Amino acid sequence: MAFSQLLQDWEKRSAENADLLPTSISVHESDQIKLQALSEMYQLPANEIAAHLLSVALETLEAEMPYIPGPKVIRVEEGSEVYEDAGPMPRYLEAQRRLRDASKK
């Protein structure tokens, strides 16, 4: 591996991990073994792998949250009415906003 590639890999990894925060969670023993196996395979810390897996899982969960049309029309796009989302996403986004604001204080 050339130094330029190594530096590029470090930059990418540094950017991906720039906002990692230490946390403590409980996992099933079988999942811990899987994390350790991935850690050995890729020569990366298990907590880093867990953080990336959690990030991807949350993105996937967010993408799959159902949109449930509410009773209120919020806009019209190309002649079609768009209704407010009465599903879980607005509550989820509001909780995120509230927690983000609280962490800045």
Side-chain angles (χ1 to χ4, degrees):
M1 175 184 285
F3 280 112
S4 61
Q5 181 63 44
L6 182 61
L7 290 171
Q8 203 172 37
D9 290 348
W10 286 348
E11 284 292 329
K12 181 179 181 221
R13 191 166 168 194
S14 176
E16 289 173 348
N17 296 334
D19 63 346
L20 287 180
L21 299 174
T23 188
S24 175
I25 61 169
S26 298
V27 297
H28 295 281
E29 181 179 12
S30 60
D31 292 335
Q32 180 62 32
I33 290 168
K34 291 172 186 178
L35 284 171
Q36 287 303 123
L38 290 168
S39 176
E40 285 182 25
M41 280 178 56
Y42 293 103
Q43 297 295 299
L44 294 170
N47 64 333
E48 186 177 321
I49 290 173
H52 289 263
L53 288 171
L54 181 58
S55 180
V56 170
L58 288 169
E59 287 177 12
T60 302
L61 176 114
E62 290 170 352
E64 293 183 14
M65 272 193 189
Y67 162 74
I68 300 171
K72 182 179 174 187
V73 175
I74 55 172
R75 67 181 176 277
V76 176
E77 288 183 5
E78 299 178 11
S80 296
E81 295 176 334
V82 177
Y83 293 87
E84 69 181 341
D85 189 348
M89 183 61 86
R91 293 188 315 273
Y92 174 66
L93 293 174
E94 175 56 27
Q96 281 187 47
R97 184 200 58 74
R98 181 178 39 76
L99 292 166
R100 194 173 294 113
D101 289 350
S103 73
K104 291 180 182 178
K105 291 180 181 180

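This is a predicted model, so every value here is computed, not measured. Below, all heavy atoms of this structure are taken into account, side chains as well, without hydrogens, waters or symmetry copies.
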Inset, instruction - Taking all non-hydrogen atoms of both residues into account, name the closest pair between Y83 and Y67 and its distance. - result: O-OH, 2.7 Å
Inset, instruction - Please tell me if the side chains of H52 and V56 come closer than 4.5 Å, counting only heavy atoms from C-beta onward. - result: no
Legend entry - All salt bridge (Lys or Arg N to Asp or Glu O under 4.0 Å) counterparts of E16, not counting sequence neighbours: K12
Inset, instruction - Supply the atom-to-atom distance L35 CG to E48 CD, rounded to the nearest 0.5 angstrom. - result: 12.0 Å
Inset, instruction - Quick one: pull up OG in S4 and CG in D9 and give me the separation to the nearest 0.5 Å. - result: 9.5 Å
Legend entry - Spatial distance of atom CD1 (I33) from atom CD (E29) [nearest 0.5 Å]: 4.5 Å
Legend entry - Least distance between heavy atoms, S39 atom then P45 atom: OG-C, 4.0 Å
Inset, instruction - Decide, yes or no, whether a salt bridge links E77 with R75 under the criterion of side-chain N to carboxylate O below 4.0 Å. - result: yes
Inset, instruction - State, yes or no, whether a side-chain contact exists between I25 and L54 at a heavy-atom distance under 4.5 Å. - result: no
Legend entry - Under 3.5 Å: donor-acceptor pair, side chain of D85, backbone of P90: no
Inset, instruction - With rounding to the nearest 0.5 Å, note down the distance linking OG in S14 to CG in L7. - result: 11.5 Å
Legend entry - Student check: side-chain heavy atoms of H28 and D31 closer than 4.5 Å: yes
Inset, instruction - Kindly indicate whether the side chain of I74, heavy atoms from C-beta on, has any atom under 4.5 Å from the side chain of E81. - result: no
Inset, instruction - Tell me yes or no: between the side chains of Q32 and Q36, is some donor less than 3.5 Å from an acceptor? - result: yes
Legend entry - Closest approach of A86 to G70 (non-hydrogen atoms, all atoms of both residues): CB-CA, 3.8 Å
Legend entry - Within one Ile-Leu-Val-Met-Phe-Trp-Tyr cluster: L93 and M65, side-chain cutoff 4.5 Å: yes
Inset, instruction - Would you indicate whether the side-chain heavy atoms of E84 and P71 approach each other to under 4.5 Å? - result: yes
Inset, instruction - Taking N17 for its side chain and R13 for its backbone only, find out whether a donor-acceptor pair lies under 3.5 Å. - result: yes
Legend entry - Where at least one partner belongs to residues 88-97, residue pairs that pass side-chain hydrogen bond (donor to acceptor under 3.5 Å, both in side chains), sequence neighbours excluded: E62-Y92, Y92-Q96, E94-R97, Q96-R100, R97-D101
Inset, instruction - Taking the side chain as every heavy atom from C-beta outward, state whether L53 and L38 have any atom pair closer than 4.5 Å. - result: yes
